[in-house]
Colleague: 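Structure provided below as structure tokens; questions to follow.
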Amino acid sequence: MTSASAPQMTSLENQTALVTGAGSGLGAEIARALAAAGARVVVADLDRAKADRIAGEIDASGQHALPLALDVADAKAAGEAVVRTVGHFGSLDILINNAGTDVTKSIDELSYDEWDRVIATNLRGPFVMSKAAVDALRQGDGGRGGQIVNVASTAAKRAWPNASAYHASKWGLVGLSHALHAELRPQGVRVSTLVAGGMRTPFLLDRFEGIDQSKLQDPANVAVAVRMLLQMPRESVIPELMVLPLMETSWP
């Protein structure tokens with residue numbers, strides 16, 4: 001009896017990944033994980049100094065890492081980032097929409113400007129970046145089609161007080177992500193939603209003093225899940241994946 005051949009995983013070697021919000025936290029861990037898998041990484045962040053630090057850590061020569069200052073909600077800046085990426089590395093194969101922000105306030109306290117800022121980063125940003133990148137992604141992975149991973153949250157699955165803008169943005173992002181999955185899969189572009197539970201990142205640790213870190217997960221673990229999504233055999237796609245810390249409190 002002959003055994004079936006092993007599935008051919010998608011190699012990330014020499015693929016180009018643009019990671020938003022990559023200057024710290026989960027974004028930085030994703031950049032490191034993809035670089036370790038052989039990808040060339042564009043480290044994009046609103047804070048250029050943070051992008052420089054992570055890109056220099058990955059590859060100070062610039063051959064495998066490129067830092068960019070980027071406001072993901074700015075359509076002109078997004079288009080320029082894609083042009084810069086393709087010009088520097090020759091292709092854009094992977095887009096990781098990771099940049100995110102939050103304002104923890106009640107509806108009485110939350111200003112219109114704060115609402116707009118959260119929606120702009122967390123929901124408009126992934127749309128803007130995907131729209132800017134889609135032509136390049138159709139040609140990604142040697143013409144077979146590239147990949148998008150949208151980083152959502154358990155805040156897209158349930159709700160808690162004083163986070164209306166964040167919940168609205170993340171629920172919306174899941175909807176956008178699934179819509180792009182349906183629209184782009186016939187064109188060879190795989191789109192996945194990564195629903196992440198609480199992580200030991202500045203996003204939580206800097207805002208919630210005394211938070212129980214034993215109930216949070218290492219962001220490097222979530223970065224491994226992102227890499228797994230990207231390495232699935234070409235004939236398959238995972239539309240949505242949830243990654244929780246073992247003792248997650250924001251999801252049953």
Side-chain angles (χ1 to χ4, degrees), residues 9-12 15-23 25-45 70 72 78 81-82 85 91-100 121-134 136-138 140-141 144-157 169-185 187-197 199 201 203 217 219-234 236-244:
M9 305 299 285
T10 298
S11 173
L12 303 185
Q15 289 205 32
T16 301
L18 194 165
V19 184
T20 69
L26 176 60
E29 292 298 341
I30 292 171
R32 294 183 183 108
L34 299 189
R40 302 168 298 195
V41 181
V42 178
V43 180
D45 199 276
L70 177 62
V72 295
V82 171
T85 297
S91 68
L92 175 57
D93 309 286
I94 297 164
L95 172 63
I96 310 294
N97 285 313
N98 167 75
T121 300
N122 297 0
L123 183 54
R124 174 182 165 87
F127 166 73
V128 166
M129 292 303 303
S130 298
K131 186 174 177 66
V134 69
L137 291 171
R138 289 187 181 106
D141 194 12
R144 296 189 297 175
Q147 304 190 65
I148 300 172
V149 175
N150 295 308
V151 178
S153 162
T154 50
K157 299 296 183 179
S169 68
K170 291 300 186 179
W171 282 70
L173 177 57
V174 171
L176 170 65
S177 190
H178 280 279
L180 293 179
H181 159 73
E183 180 176 338
L184 297 178
R185 63 191 296 202
Q187 303 168 37
V189 178
R190 300 190 292 182
V191 181
S192 300
T193 309
L194 191 284
V195 178
M199 293 172 281
T201 66
F203 184 78
Q217 60 190 333
N221 298 352
V222 181
V224 169
V226 171
R227 187 175 64 193
M228 181 197 73
L229 288 171
L230 298 171
Q231 291 179 320
M232 282 293 295
R234 282 292 317 180
S236 298
V237 59
I238 298 175
E240 183 174 316
L241 178 68
M242 183 183 292
V243 183
L244 304 177

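The model shown is predicted, which means the values in this text are computed figures rather than measured ones. In this chain, residues are counted from 1 in sequence order.
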Colleague: Pair K157, E240 - check salt bridge (Lys or Arg N to Asp or Glu O under 4.0 Å), show working.
Modeller: CA-CA 12 Å; K157 299 296 183 179; E240 183 174 316; 2.6 Å; yes
Colleague: Are V237 and S192 packed together at the side-chain level, in the sense that at least one heavy-atom pair is separated by less than 4.5 angstrom?
Modeller: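 Side chain of V237 against side chain of S192, heavy atoms only: contact under 4.5 Å found.
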Colleague: Which heavy atom of A78 sits nearest to which heavy atom of M129, and what is that distance?
Modeller: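 Here A78 and M129 meet closest at CB-SD, 3.5 Å.
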Colleague: Say you draw a straight line from CG of L18 to CG of L92; how long is it, rounded to the nearest 0.5 Å?
Modeller: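 It is 6.0 Å, given to the nearest 0.5 Å.
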Colleague: With no hydrogens and no angle check, is any side-chain donor or acceptor of S177 less than 3.5 Å from a backbone partner on L173?
Modeller: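 Such a contact is absent between S177 side chain and L173 backbone.
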Colleague: Side chain of S91, backbone of G140: donor and acceptor closer than 3.5 Å?
Modeller: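 Answer holds: no.
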Colleague: If every non-hydrogen atom of P126 is compared with every non-hydrogen atom of S130, which pair is closest and at what distance?
Modeller: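 That would be O-OG, 2.7 Å.
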Colleague: Are the side chains of L230 and V149 in touch, meaning some heavy atoms are under 4.5 Å apart?
Modeller: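 Of all side-chain heavy-atom pairs linking V149 with L230, at least one is under 4.5 Å.
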Colleague: Hey, could you give me the OG1/CG distance between T16 and L95, rounded to the nearest 0.5 Å?
Modeller: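 Reported to 0.5 Å precision, the distance equals 12.5 Å.
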Colleague: For the residue pair L194 and V243, establish whether any side-chain heavy-atom pair is separated by less than 4.5 Å.
Modeller: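 SC-SC contact between L194 and V243 confirmed.
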Colleague: As a test of understanding, state which of L241, L26, L244, V195 forms a side chain to side chain contact (heavy atoms under 4.5 Å, CB included) with V222.
Modeller: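 The passing option is L26.
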Colleague: Working to the nearest 0.5 Å, report the span between CG of L229 and CD1 of I96.
Modeller: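 That separation rounds to 8.5 Å.
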Colleague: Could you pull out the closest heavy-atom pair between A99 and V72, with the gap in Å?
Modeller: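 In this case the closest contact between A99 and V72 is CB-CG1, 4.2 Å.
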Colleague: Which pair of non-hydrogen atoms, one from S236 and one from R190, has the smallest distance, and what is that distance?
Modeller: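 Of all heavy-atom pairs spanning S236 and R190, the closest is O-NH1, 2.7 Å.
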Colleague: Kindly give the heavy-atom pair with the smallest separation between T193 and A152, and that separation in Å.
Modeller: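 Heavy atoms of T193 and A152 come nearest at CG2-CB, 4.0 Å.
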Colleague: Is a donor from one side chain sitting under 3.5 angstrom from an acceptor on the other, for R234 and T10?
Modeller: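 Their side chains do not contain a donor-acceptor pair, so the 3.5 Å distance test is not met.
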Colleague: Are the side chain of N122 and the backbone N or O of S169 linked by a donor-acceptor pair below 3.5 Å?
Modeller: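 No; zero donor-acceptor contacts below 3.5 Å.
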Colleague: If you round to the nearest 0.5 Å, how far is CD of Q147 from CE of M232?
Modeller: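 Between atom CE of M232 and atom CD of Q147 there are 10.0 Å.
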Colleague: For A28 versus G23, what's the shortest heavy-atom pair and its separation?
Modeller: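 Here A28 and G23 meet closest at CB-C, 4.3 Å.
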Colleague: Spell out, as yes or no, whether a donor-acceptor pair under 3.5 Å connects the side chain of N98 to the backbone of V19.
Modeller: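 Answer holds: no.
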Colleague: Kindly compute the distance separating NE2 (H181) from CD1 (I238), expressed to the nearest 0.5 Å.
Modeller: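 Those atoms lie 11.0 Å apart.
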Colleague: Please answer whether the main-chain N or O of D93 pairs with a side-chain N or O of D141 as donor and acceptor at a distance below 3.5 Å.
Modeller: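 Here the side-chain-to-backbone pair does not exist.
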Colleague: Is the side chain of E29 donor-acceptor paired with the backbone N or O of G25 at a distance under 3.5 Å, no angle test?
Modeller: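 No; judged by distance alone, with no hydrogens or angles, the pair does not exist.
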Colleague: Hey, what do you get for CG (L34) to CD1 (I94), rounding to the nearest 0.5 Å?
Modeller: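 Taking CG in L34 and CD1 in I94, the distance rounds to 6.0 Å.
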Colleague: Is there a side-chain contact between I148 and N97 in this structure, where contact means two heavy atoms from C-beta onward sitting under 4.5 Å apart?
Modeller: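 When only atoms from C-beta onward are counted, N97 and I148 do touch, with a gap below 4.5 Å.
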